Amino acid sequence: MSNDAMSRDTASTSAPTHALETELFDRSERARAGGGPKYQLASAAQGKLPVRTRLELLLDPGSFIEDGLLARTLDDNLAADAVVTGIGRIDGRSVCVIANDPTVKAGAWGRQTIRKYTRIQEQALRARCPLLFLVDSAGARLDEQFDLFVDRQHAGRIFWNQCRTSGHIPQICILFGPSPAGAAYIPAFCDATIMVDGNASAFLGSPRMVAMATGEQVTAEEMGGARMHCRVSGLGDYLAKDDEEALAIARRYLSYLPQHWEDSPPPAPPLPPVQGRSITEIVPPLERIPFDMYELMRALFDEGSIFPHRDRFAKELITAFARLDGRAVGVVASQPKQKGGILTSDSADKGAQFVQLCNAYGLPLLFLADTPGFMVGQQVERAGIIRHGAKYLSAIAACTVPRICVVVRKAYGAAYLAMSGATFDPDAIISLSTGRMAIMGADPAVNAIYANKIEAIEDLEERAAFVECKRAEYGVDLDIFRVASAFYVDAVTPAEQLRDELIGRFAHYSGKARPLAQRHHAVIRG
């Protein structure tokens, strides 16, 4: 080939290449820009960060690699079809992300949106890394429903994937805006849901739809706002004041969980507890006097390591992540400050989900019991407290991670079982010297046994003396040293030695085998 021919060939090859690179750059920039200025301004007016800014704050700098940037940019010019998907890192750990762009069709799902969702879900499961949903979407596009609802690979596949993925890899939802109708199930299927106050919402039917169907007039915030879900329904686990805080919560949450179910939770440098009152000073010896269980927890766990889970919902039961000598653990604790620490239907649901979460990802469980039992009364029975309690007990029975129960003061009735009492086979059951365990406490027991005799005593002083005598007699069976003498507990531990004993026991139980059950699964009445 002559030099002239070679020059012509090189020129004809390089020119189109340069033009294509220019076109690629232009199309990519338009896709990254999202919706038009009007929609960008409207989103900013709500206090929302741009979708790519959210990803920059969530992920380690420079770690994001995007998939599907050019989806729907050729025929419809819908920037990335309203969703940004890809891979990145958080604290050096690989993650997959799905982030709605509310400036493009209000973040609503189109035909390529669904494909991008399911594609990255499959990648996360294949790579065995956490998956984070950054949700801010108006739901599915009704004008495209033929292309995204009925087929095997349509929108419902997203939820099917979430169900099949659950327990394999952590799934975290950060709800920045709406998630209506079917999309409301995304937060419901995640291990944790973080909601931004004032902007986040989730409901099956919009206020307009509800008004048409039932005549009820209700606002979006009242029906499905972040505060309602975090305090009343239990769908929300964390309430964030803004986008930045929500992203910081997600990063911290992930620091307690492993990459996948067969991995180990990440360790942290051991720290001593915060300086303050001793456990002996914190816990009143009389079981009727309330105290703040969080203060005991701060005296027990590494300083700054307590990370509450669902703290605004069913406050009578605390569920939290924490660290003991750097080791991540899950904590289920009575809160005597709230309803005396009694268990309700909501706290049973809260406990069940948290126990399953920790068991799925290998976090040892510590139960701190100070509860008078389950709530009683017509209203709670009609609301199904037996069903809810059974669900909680089933979760504990299926638990195979190391599990320790500490009876702080009282653990009565079925609540003793729900706090992983001895009959539910914990690796150890420990009591403080203030501990009491029984079918019920002295007051209700004496009333149940001697109700007719008490009623028959007319003299009030004589009646009070009789009740006190019977309370003392009943209390003999509750005496912790009698319980220890019968070897019904593994140890009665001095309060100031509790932390060291728990560190030693959890280190020992870390080698515990976790055999699989010889059945498909339990049947739990929901």
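Here the structure is a predicted model, which means the values were calculated and not measured.
A donor-acceptor contact closer than 3.5 angstrom links the side chains of R93 and Q259. Under 3.5 Å, the side chains of R409 and T434 contain no donor-acceptor pair of N or O atoms. With no hydrogens or angles considered, no side-chain donor-acceptor pair links D370 and Q335 at under 3.5 Å. Neither side chain, E66 nor T85, offers a donor N or O lying under 3.5 Å from an acceptor on the other. Between the side chains of R514 and T400, a donor-acceptor pair is found at a separation under 3.5 Å.
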Checking salt bridge (Lys or Arg N to Asp or Glu O under 4.0 Å) for the pair E262/R128: CA distance, chi angles, key distance, verdict? CA-CA 9 Å; E262 291 182 306; R128 304 214 296 175; 2.6 Å; yes

CA sep, side-chain torsions, deciding dist, call: D67, R119, salt bridge (Lys or Arg N to Asp or Glu O under 4.0 Å): CA-CA 9 Å; D67 289 333; R119 169 68 174 155; 5.5 Å; no

Start with the C-alpha gap between I318 and V332, add the side-chain angles, then the distance that decides, and say whether side-chain contact (heavy atoms from CB on, under 4.5 Å) holds. CA-CA 6 Å; I318 294 169; V332 181; over 6 Å; no

CA sep, side-chain torsions, deciding dist, call: F374, I385, side-chain contact (heavy atoms from CB on, under 4.5 Å): CA-CA 8 Å; F374 275 87; I385 194 167; 4.1 Å; yes

Evaluation steps, side-chain contact (heavy atoms from CB on, under 4.5 Å), between I404 and L502: CA-CA 8 Å; I404 297 175; L502 291 174; 3.9 Å; yes

Intermediate values then yes/no, side-chain contact (heavy atoms from CB on, under 4.5 Å), L317 and F354: CA-CA 11 Å; L317 186 73; F354 190 73; over 6 Å; no

Please walk me through it: do Y253 and F321 pass ring pair (Phe, Tyr, Trp, His ring centres under 6.0 Å)? CA-CA 9 Å; Y253 179 90; F321 301 110; 5.4 Å; yes

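Formation of a donor-acceptor pair under 3.5 Å by the S63 side chain with backbone atoms of L59 is not found in this model. A donor-acceptor contact shorter than 3.5 Å links the side chain of K350 to the backbone of A314. Under the 3.5 Å distance criterion, the side-chain polar atoms of H154 are matched with a main-chain donor or acceptor of V150. With hydrogens and angles disregarded, a donor-acceptor distance shorter than 3.5 Å links the side chain of Y392 to the backbone of A418. A donor-acceptor contact shorter than 3.5 Å is absent between the side chain of E496 and the backbone of S278. Without hydrogens or angle criteria, H229 side chain to S201 main chain gives no donor-acceptor distance under 3.5 Å. Listed for the E295 side chain is no donor-acceptor partner under 3.5 Å among the backbone atoms of D292. In this structure, the side chain of K391 does not engage the main chain of I524 through any donor-acceptor pair within 3.5 Å. A side-chain donor-acceptor contact under 3.5 Å links D490 to the backbone of I429. Formation of a donor-acceptor pair under 3.5 Å by the T371 side chain with backbone atoms of G341 is found in this model.
Of all non-hydrogen atoms in I342 and E316, the two that sit nearest each other are O-CG, 3.0 Å. When all heavy atoms of V401 and N359 are compared, the closest pair comes out as N-OD1, 3.2 Å. Considering all non-hydrogen atoms of both residues, A246 and V196 come closest at CB-CG2, 3.8 Å. Taking both residues in full, the closest heavy atoms of P336 and P290 are given as O-CB, 3.6 Å, listed atom of the first, atom of the second, then distance. Between C129 and S94, the shortest heavy-atom distance links the atoms CB-O, 3.3 Å. Smallest separation of non-hydrogen atoms from K116 and V83: NZ-O, 2.6 Å.
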For residues 297-309, run the donor-acceptor check on the side chains, cut-off 3.5 Å, and write out each pair with its distance to 0.1 Å, sequence neighbours left out.
{"residue": "D302", "atom": "OD1", "partner": "D325", "partner atom": "N", "Å": "2.8"}
{"residue": "D302", "atom": "OD1", "partner": "R499", "partner atom": "NH1", "Å": "3.1"}
{"residue": "D302", "atom": "OD1", "partner": "R499", "partner atom": "NH2", "Å": "3.1"}
{"residue": "D302", "atom": "OD2", "partner": "L271", "partner atom": "N", "Å": "3.4"}
{"residue": "D302", "atom": "OD2", "partner": "D325", "partner atom": "N", "Å": "3.3"}
{"residue": "D302", "atom": "OD2", "partner": "G326", "partner atom": "N", "Å": "2.7"}
{"residue": "S305", "atom": "OG", "partner": "D302", "partner atom": "O", "Å": "2.7"}
{"residue": "S305", "atom": "OG", "partner": "R323", "partner atom": "N", "Å": "3.1"}
{"residue": "H309", "atom": "ND1", "partner": "Y238", "partner atom": "OH", "Å": "3.3"}
{"residue": "H309", "atom": "NE2", "partner": "Q353", "partner atom": "OE1", "Å": "3.1"}

Please tabulate, for side-chain N and O atoms in residues 169-184, each donor-acceptor pair with protein atoms closer than 3.5 Å (sequence neighbours left out).
{"residue": "Q171", "atom": "NE2", "partner": "Q162", "partner atom": "O", "Å": "3.2"}
{"residue": "S179", "atom": "OG", "partner": "A183", "partner atom": "O", "Å": "2.7"}

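Separation of atoms OG (S420) and CG (L393) is listed at 10.0 Å; rounding is to 0.5 Å. Note that CD of Q379 and OG of S345 are 10.0 Å apart. Values are rounded to the nearest 0.5 Å. Taking CG of D151 as the start and CD1 of I114 as the end, the distance is 12.0 Å to the nearest 0.5 Å. To the nearest 0.5 Å, atoms CG (L368) and CG (L432) are separated by 9.0 Å. Once rounded to the nearest 0.5 Å, the distance linking CD1 of I158 with CD1 of I120 reads 12.5 Å.
A 4.5 Å side-chain heavy-atom check between L58 and I90 finds at least one atom pair inside the cut-off. For the pair V329/L363, no side-chain contact is recorded, criterion being any heavy-atom separation below 4.5 Å from C-beta on. When side chains are defined from C-beta on, M293 counts as touching F291, because their heavy atoms get closer than 4.5 Å. Taking the side chain as every heavy atom from C-beta outward, Y361 and D263 never approach each other to under 4.5 Å. S431 is listed as a side-chain neighbour of M437, based on a closest heavy-atom distance under 4.5 Å. Residues F64 and I87 are not in side-chain contact: their nearest non-hydrogen atoms beyond the backbone lie 4.5 Å or more apart. Side-chain contact check for L324 versus F506: some heavy-atom pair is nearer than 4.5 Å. By the 4.5 Å heavy-atom criterion applied to side chains, Y117 and N100 are counted as neighbours.
R403 has no carboxylate O lying under 4.0 Å from a charged side-chain N of D427, or vice versa, which leaves the two without a salt bridge. Between K241 and D197, no side-chain nitrogen of the basic residue sits less than 4.0 Å from a carboxylate oxygen of the acidic one, so the salt-bridge criterion is not met. Contact check on R157 versus E122 returns no salt bridge, with no Lys/Arg side-chain nitrogen under 4.0 Å from an Asp/Glu carboxylate oxygen. We find that E501 and R505 are joined by a salt bridge, their nearest charged nitrogen and carboxylate oxygen being less than 4.0 Å apart.
The local environment of OH in Y509 is crowded, with over 12 non-hydrogen atoms from other residues, nucleotides or ligands closer than 6.0 Å. Annotation for Y185: atom OH does not count as buried by contact number, only 12 or fewer foreign heavy atoms lying within 6.0 Å. Heavy-atom contacts from other residues, nucleotides or ligands closer than 6.0 Å to CZ of R164 number 12 or fewer. Heavy atoms of other residues, nucleotides or ligands lying less than 6.0 angstrom from CD1 of I503 number more than 12. Surrounding CZ of R288 are at most 12 heavy atoms belonging to other residues, nucleotides or ligands under 6.0 Å away.
Residues satisfying the side chain to side chain donor-acceptor pair (under 3.5 Å) test with R115, not counting sequence neighbours, are Q112.
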